[in-house]
Amino acid sequence: MDQITITFPDGKTREYPRGTTGLDIAKGISPSLAKRTVVMALNGTLTDLADPIDDNAAIDFVARDDARALELIRHDCAHVLAEAVQSLWPGTQVTIGPTIENGFYYDFFRNEPFTPEDFAAIEKKMREIIARDKPFTKEVWTRDEAKKVFADNGEAFKVELVDAIPEDQTIKIYKQGEWFDLCRGPHMTSTGKIGTAFKLMKVAGAYWRGDSNNPMLTRIYGTAWAKQEDLDTYLHQIEEAEKRDHRKLGRELDLFHFQEEGPGVVFWHAKGWSLFQSLVGYMRRRLAGDYDEVNAPQILDKVLWETSGHWEWYRENMFAAQSAGEDAEDKRWFALKPMNCPGHVQIFKHGLKSYRDLPLRMAEFGVVHRYEPSGAMHGLMRVRGFTQDDAHVFCTEAQLADECIKINDLILSTYSDFGFEGELTVKLSTRPEKRVGTDEMWDHAERVMATVLSEIKAKGGNRIKTEINPGEGAFYGPKFEYVLRDAIGRDWQCGTTQVDFNLPERFGAFYIDADGAKKAPVMVHRAICGSMERFTGILIEHYAGNFPLWLAPVQVVVTTITSEGDDYAKKVLAALRKAGLRADIDLRNEKINFKVREHSLAKVPALLVVGKKEAESHSVSVRRLGSEGQKVMPTDEAIAALVDEATPPDVKRMHASPAVAAE
RNA sequence: GCUGCCGUAGCUCAGUGGUAGAGCACUCCCUUGGUAAGGGAGAGGUCGACAGUUCAAUCCUGUCCGGCAGCACCA
């Protein structure tokens with residue numbers, strides 16, 4: 001039969017001749033439908049509207065304002081960008097131009113790179129091309145034909161791309177007027193559908209096919225949206241993100257700095273260090289009872305790193321040191337630890353361990369140094385010297401799953417306490433190509449981890465998403481990665497749980513099992529914050545510097561209206577400090593307006609203003625950051641309220657449910 | 001590490017082939033003012049480092065260091 005059945009979104013069906021195009025069907029229904037449809041979804045897959053339909057299918061006509069069209073707007077926009085660039089600078093080679101989150105990019109090869117100054121001209125040309133509103137038309141070429149045309153046009157990269165397309169796939173060419181590009185599609189019906197809500201954002205270098213051995217291309221990034229309003233919102237969001245950049249806030253709030261002599265190492269100022277220590281203090285409380293905190297040396301003979309495998313696998317990223325003395329006899333090379341695990345194995349090995357000692361959980365807020373590539377460094381987020389909230393659990397195979405779950409619970413509750421209430425993703429990374437250990441061992445480990453993963457998902461309800469990252473595991477074992485979402489929707493990978501069958505054996509670590517036999521323990525590496533420096537950076541951006549009271553470096557400032565209030569202000573300060581609050585005093589001879597402004601800009605959560613009235617009535621005028629007004633209350637009452645609010649969330653929980661109920 | 005851009009006072013930034021400027025911050029003086037900038041004066045820079053070109057370099061060129069944006073990297 002030469003008829004096919006098309007099912008419409010409302011469930012109705014209709015017969016059409018085989019090979020009818022989506023456009024024909026749309027036109028048959030109504031010209032306005034045909035006009036506003038930019039692409040069709042055939043059985044849920046976006047397809048060019050002009051494509052003939054050869055089989056029974058469910059059809060859905062997608063209009064430009066449909067969420068599904070957004071990716072096409074961006075992709076089409078990338079094509080228009082490429083045409084604009086080639087028309088302005090003939091001889092520029094085009095390569096690829098995919099869509100990405102919030103936009104698209106296109107990589108060009110040209111001897112002279114583009115600069116943002118070129119954007120105005122490119123955007124102008126793009127608007128012309130869009131205004132021309134030429135239809136996107138698809139042609140299928142033979143491989144040889146495509147290669148010849150691209151080769152004749154001097155498009156060497158496109159020739160390579162054609163070669164890279166698998167034999168069983170056709171070579172599709174999309175034209176928009178005169179200009180054409182190799183493309184998988186689909187595209188909207190014409191360039192005019194792109195609209196004008198787009199903007200070129202930045203230029204950057206990028207390697208051809210992502211390989212650092214290949215030539216560097218110039219990448220132009222753009223963003224595109226269905227409506228101008230959406231573009232404006234997006235640009236506004238970028239501004240907001242810039243405002244909370246931890247590097248900027250770190251300077252403004254006097255938290256830390258970097259300087260040339262110490263690339264990638266942090267100079268923590270008093271306030272930043274207070275924040276950092278609040279974090280460490282929190283983690284210590286959470287570990288109490290379950291973990292033993294230890295401290296392994298910062299610098300160790302390189303032979304130890306040879307045993308661990310780091311000297312072979314990781315040397316490029318390590319700092320080494322030796323005596324600086326010209327006449328020193330000891331010329332051994334030492335390495336700064338890039339990881340804590342070898343040190344912990346040494347501690348484990350010290351003294352015979354029994355199966356009764358397991359699981360043995362060893363924690364360290366260890367400072368590690370890694371020689372990160374210069375281009376990788378970024379404020380606190382990627383540094384060369386940092387503190388890990390690291391721990392290693394030595395356990396038996398049988399204990400492995402329970403330990404992973406226990407770690408999971410700790411990680412999740414920690415993130416909640418720091419105000420990360422959004423979606424969380426747990427990714428399981430499985431065996432990489434380069435790995436140690438037998439396949440049976442990996443099979444077993446991955447099976448255990450997969451079971452744990454489903455349990456994590458089940459326990460987490462809707463909040464937890466799980467994923468598998470095939471081949472992304474560490475060379476010594478599979479791992480979980482925990483990704484949290486911050487206040488403005490950005491994802492950060494922080495926690496990790498890594499199973500290791502390798503290191504204990506390398507170091508000859510063992511325990512005596514119940515049957516008297518020596519056995520190598522399984523080692524689980526885990527971190528919750530990951531790098532404490534980075535986590536502090538994430539907190540700064542998450543809270544935009546407006547820390548909750550329990551984290552704020554300066555929790556409260558007492559200040560005066562006139563110097564008449566000085567004595568009373570000092571008494572209030574003493575009472576605040578006695579109550580355990582981080583309090584400062586500001587007795588400067590400045591107007592109250594000025595002082596309120598300064599402490600507000602410094603993001604001090606609570607300002608206690610005292611004048612004659614307050615001194616006489618033993619009260620304070622409390623002004624909270626972010627509020628326009630203030631509230632006068634008895635000093636004792638104000639302090640009690642602040643103390644309560646400043647109590648860390650874990651301590652509050654402990655107060656709420658004492659471990660041992662009172663008799 | 002790669003590509004591009006950048007490096008001038010504590011911060012934000014202007015500027016010039018003839019060794020530099022603003023605002024804020026800082027110091028001092030005046031001001032004692034009820035909740036987001038009171039007024040005045042002063043001090044402060046080897047113009048990232050080292051070479052080169054030039055009569056002369058902060059400015060031009062090169063190398064290096066550091067930073068920014070991507071890319072690559074993140075065992």
Side-chain angles (χ1 to χ4, degrees), chain A residues 100 105 107 109-110 112-117 201-221 245 247-248 251-252 254 257-264 308-318 338-339 341 370-379 381-384 386 432 434-436 472-477 479 481 493 496 498 500 502 525 530-531 534 559-566 587-602 607-614 621-632:
Chain A
I100 50 173
Y105 65 78
D107 285 348
F109 182 77
R110 179 184 175 225
E112 197 170 326
F114 300 102
T115 74
E117 280 86 73
M201 303 298 285
K202 54 196 171 197
V203 291
Y207 298 111
W208 168 234
R209 316 191 104 186
D211 186 334
S212 54
N213 298 312
N214 287 342
M216 179 69 75
L217 309 169
T218 300
R219 175 171 298 177
I220 297 182
Y221 284 92
D245 188 314
R247 293 167 299 186
K248 180 172 137 78
R251 194 166 48 237
E252 289 171 357
D254 193 18
H257 84 268
F258 291 91
Q259 65 188 49
E260 288 201 10
E261 294 84 349
S308 70
H310 286 88
W311 202 254
E312 186 193 348
W313 292 73
Y314 199 60
R315 192 170 168 183
E316 304 306 308
N317 292 287
M318 288 170 69
M339 289 173 124
C341 28
R370 301 176 182 183
Y371 191 86
E372 300 287 355
S374 58
M377 286 181 303
H378 182 89
M381 301 305 188
R382 189 87 177 265
V383 286
R384 285 182 174 162
F386 60 99
K434 266 175 76 180
R435 61 177 182 267
V436 297
E472 295 288 313
F475 70 90
Y476 46 73
K479 63 182 179 188
E481 287 178 341
Q493 198 236 297
T496 175
Q498 311 185 356
D500 184 351
N502 178 246
H525 308 243
S531 151
R534 179 164 173 272
T559 192
T560 48
I561 302 290
T562 72
S563 55
E564 270 184 320
D566 286 6
L587 301 179
R588 287 177 303 169
N589 174 16
E590 295 288 354
K591 287 194 172 176
I592 190 61
N593 284 316
F594 180 85
K595 291 196 276 194
V596 165
R597 176 179 157 82
E598 277 218 337
H599 298 298
S600 299
L601 290 174
L607 195 56
L608 305 188
V609 178
V610 297
K612 209 170 177 178
K613 283 184 279 182
E614 288 79 9
S621 167
V622 183
R623 183 185 171 111
R624 296 303 303 259
L625 181 61
S627 88
E628 305 261 309
Q630 52 276 333
K631 197 169 148 193
V632 177

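Each chain gets a letter, A, B and so on, in the order the sequences are listed, and its residues count up from 1. Heavy atoms only: backbone and side chains are in, while hydrogens, waters and symmetry mates are out.
- Taking every side-chain heavy atom of A/Arg597 into account, B/rA37 is the closest of B/rC2, B/rG34, B/rA37.
- For the P atoms, the distance linking B/rU58 with B/rU3 amounts to 28 Å, nearest Å.
- At the heavy-atom level, A/Gln493 lies nowhere under 4.0 Å from the strands shown.
- If you check B/rG70, B/rG48, B/rG67 against the side chain of A/Met377, the one that comes closest is B/rG67.
- Checking B/rG34, B/rG70, B/rC11 against every side-chain atom of A/Arg251, the shortest atom distance belongs to B/rC11.
- Side chain of A/Arg435 to backbone of A/Ala474: no donor-acceptor contact under 3.5 angstrom is found.
- Counting only distance, with no hydrogens or angles, the side chain of A/Asn214 and the backbone of A/Trp208 share a donor-acceptor pair below 3.5 Å.
- For B/rG66, the paired nucleotide is B/rC6, the pair qualifying as Watson-Crick or G-U wobble because both relevant distances are below 3.5 Å.
- Note on A/Thr560: nothing from the nucleic acid sits closer than 4.0 angstrom, heavy atoms only.
- Taking only side-chain atoms of A/Lys202, from C-beta outward, the nucleotide of B/rU32, B/rA75, B/rA69 with the closest atom is B/rA69.
- Residue-level contact check: A/Gly309 touches neither bases nor backbone, having no heavy atom under 4.0 Å from any strand.
- Within the structure, every side-chain polar atom (N or O) of A/His378 is placed at least 4.0 Å from both OP1 and OP2 of B/rC74.
- Across all strands, A/Met339 comes closer than 4.0 Å to base atoms (heavy-atom distances).
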Taking it one step at a time, do A/Arg219 and A/Tyr221 satisfy side-chain hydrogen bond (donor to acceptor under 3.5 Å, both in side chains)? CA-CA 6 Å; A/Arg219 175 171 298 177; A/Tyr221 284 92; 3.2 Å; yes
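- Using modelled atom types, one finds no donor on one side chain facing an acceptor on the other under 3.5 Å when comparing A/His310 with A/Glu312.
- Of all nucleotides listed (B/rA75, B/rA72, B/rU35), B/rU35 comes nearest to the side chain of A/Ile592.
- Taking atom C1' on both nucleotides, B/rC11 is separated from B/rG7 by 15 Å, rounded to a whole Å.
- Going from the C1' atom of B/rG4 to that of B/rC47 covers 24 Å, rounded to whole Å.
- Annotation for A/Glu316: atom CD does not count as buried by contact number, only 12 or fewer foreign heavy atoms lying within 6.0 Å.
- You'll find that the side chain of A/Lys613 is closest to B/rG34, out of B/rG34, B/rG70, B/rC73.
- The environment of A/Tyr314 atom OH is dense: over 12 non-hydrogen atoms of other residues, nucleotides or ligands sit within 6.0 angstrom.
- Pair check for B/rC47 finds none; no Watson-Crick or G-U wobble contact set falls under 3.5 Å.
- When the P atom is compared between B/rC65 and B/rA49, the two are found 15 Å apart, to the nearest whole Å.
- Remark: B/rG42 base-pairs with B/rC26; criterion is Watson-Crick or G-U wobble with both hydrogen-bond distances under 3.5 Å.
- A/Val609 comes within 4.0 angstrom of a nucleotide base, judged by non-hydrogen atoms across all strands.
- Look at the C1' atom in both B/rC55 and B/rU19: the space between them is 15 Å, to the nearest Å.
- Between the side-chain ring of A/Phe594 and the base of B/rA37, no stacking contact exists by the 5.5 Å and 30° definition.
- Put simply, the side chain of A/Glu614 and the base of B/rG34 share a donor and an acceptor less than 3.5 Å apart.
- Proximity of A/Arg623 to the phosphate of B/rG34: no side-chain N or O atom is located under 4.0 Å from OP1 or OP2.
- Listed pair A/Arg588 / B/rA37 fails the phosphate criterion, with no side-chain N or O lying under 4.0 Å from OP1 or OP2.
- Using a cut-off of 4.0 Å between Lys/Arg side-chain N and Asp/Glu carboxylate O, A/Arg247 and A/Asp245 are scored as salt-bridged.
- Contacts of A/Leu601 with the nucleic acid, taken as non-hydrogen atoms under 4.0 Å apart, include base atoms.
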Would you sort out whether A/Asn213 and A/Asp211 count as a side-chain hydrogen bond (donor to acceptor under 3.5 Å, both in side chains), showing the intermediate values? CA-CA 5 Å; A/Asn213 298 312; A/Asp211 186 334; 3.2 Å; yes
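- Spacing between B/rU16 and B/rU8 at atom C1', rounded to whole Å, works out to 12 Å.
- Close to B/rC68, at under 4.0 Å from its OP1 or OP2, lies a side-chain N or O of A/Arg247.
- The existence of a salt bridge linking A/Lys612 and A/Glu614 is excluded, since no basic side-chain nitrogen approaches an acidic carboxylate oxygen closer than 4.0 Å.
- Using a 4.0 Å heavy-atom criterion, one finds that A/Lys434 contacts no nucleic acid atom at all.
- The OH atom of A/Tyr105 sits 19 Å away from the P atom of B/rA69 (whole-angstrom rounding).
- With both ends at atom P, the span from B/rA41 to B/rA37 equals 22 Å, rounded to whole Å.
- If you take CG of A/Asp500 and P of B/rA75, they are 14 Å apart, rounded to a whole angstrom.
- Rounded to an integer number of Å, the gap from CG of A/Asn214 to P of B/rG70 is 22 Å.
- For a distance-only test at 3.5 Å, the side chain of A/Arg370 fails to qualify as a donor-acceptor partner of the base of B/rC73.
- Within the 4.0 Å cut-off from OP1 or OP2 of B/rA75, not a single side-chain nitrogen or oxygen of A/Asn317 is found.
- Residue contacts shown for A/Phe258 are absent, as no nucleic acid heavy atom lies under 4.0 Å away.
- Of all nucleotides present, none satisfies the Watson-Crick or G-U wobble test against B/rA20 with each distance under 3.5 Å.
- With B/rC71, B/rC2, B/rG33 as the choices, the nucleotide that has an atom nearest any side-chain atom of A/Ile561 turns out to be B/rG33.
- The distance from atom NE2 of A/His599 to atom P of B/rA37 is 14 Å, rounded to the nearest whole Å.
- For A/Ser374 and B/rG1, the shortest distance from a side-chain N or O to OP1 or OP2 is below 4.0 Å.
- Here B/rG67 presents its P atom at 13 Å from CZ of A/Arg382, a figure rounded to the nearest Å.
- Judged by Watson-Crick or G-U wobble contacts below 3.5 Å, the nucleotide B/rC60 has B/rG52 as its partner.
- No engagement by A/Lys595 is indicated, since no non-hydrogen atom pair under 4.0 Å with the nucleic acid exists.
- For A/Ala204, the listed nucleotide lying nearest its side chain is B/rG70; candidates were B/rG70, B/rA36, B/rC73.
- A/Arg209 has no side-chain polar atom (N or O) that falls below the 4.0 Å cut-off from OP1 or OP2 of B/rA72.
- The side chain of A/Lys591 sits closest to B/rG38 out of B/rG38, B/rA36, B/rG70.
- Within the nucleic acid shown, A/Phe475 comes within 4.0 Å of sugar-phosphate atoms alone, with no base atom in reach, counting heavy atoms only.
- As judged by a 4.0 angstrom heavy-atom cut-off over every strand, A/Pro263 is placed among residues touching the sugar-phosphate backbone only.
- Look at the C1' atom in both B/rC28 and B/rG44: the space between them is 14 Å, to the nearest Å.
- The nearest whole Å value for the distance from the CG atom in A/Leu587 to the P atom in B/rG33 is 16 Å.
- Here the P atom of nucleotide B/rC73 and the CG atom of A/Asn213 are 11 Å apart, to the nearest Å.
- Among B/rG34, B/rC71, B/rA75, the nucleotide with an atom closest to any side-chain atom of A/Tyr207 is B/rC71.
- A cation-pi arrangement, defined by a distance under 6.0 Å to the six-membered ring centre and an angle within 45 degrees of its axis, is present between A/Arg110 and A/Phe114.
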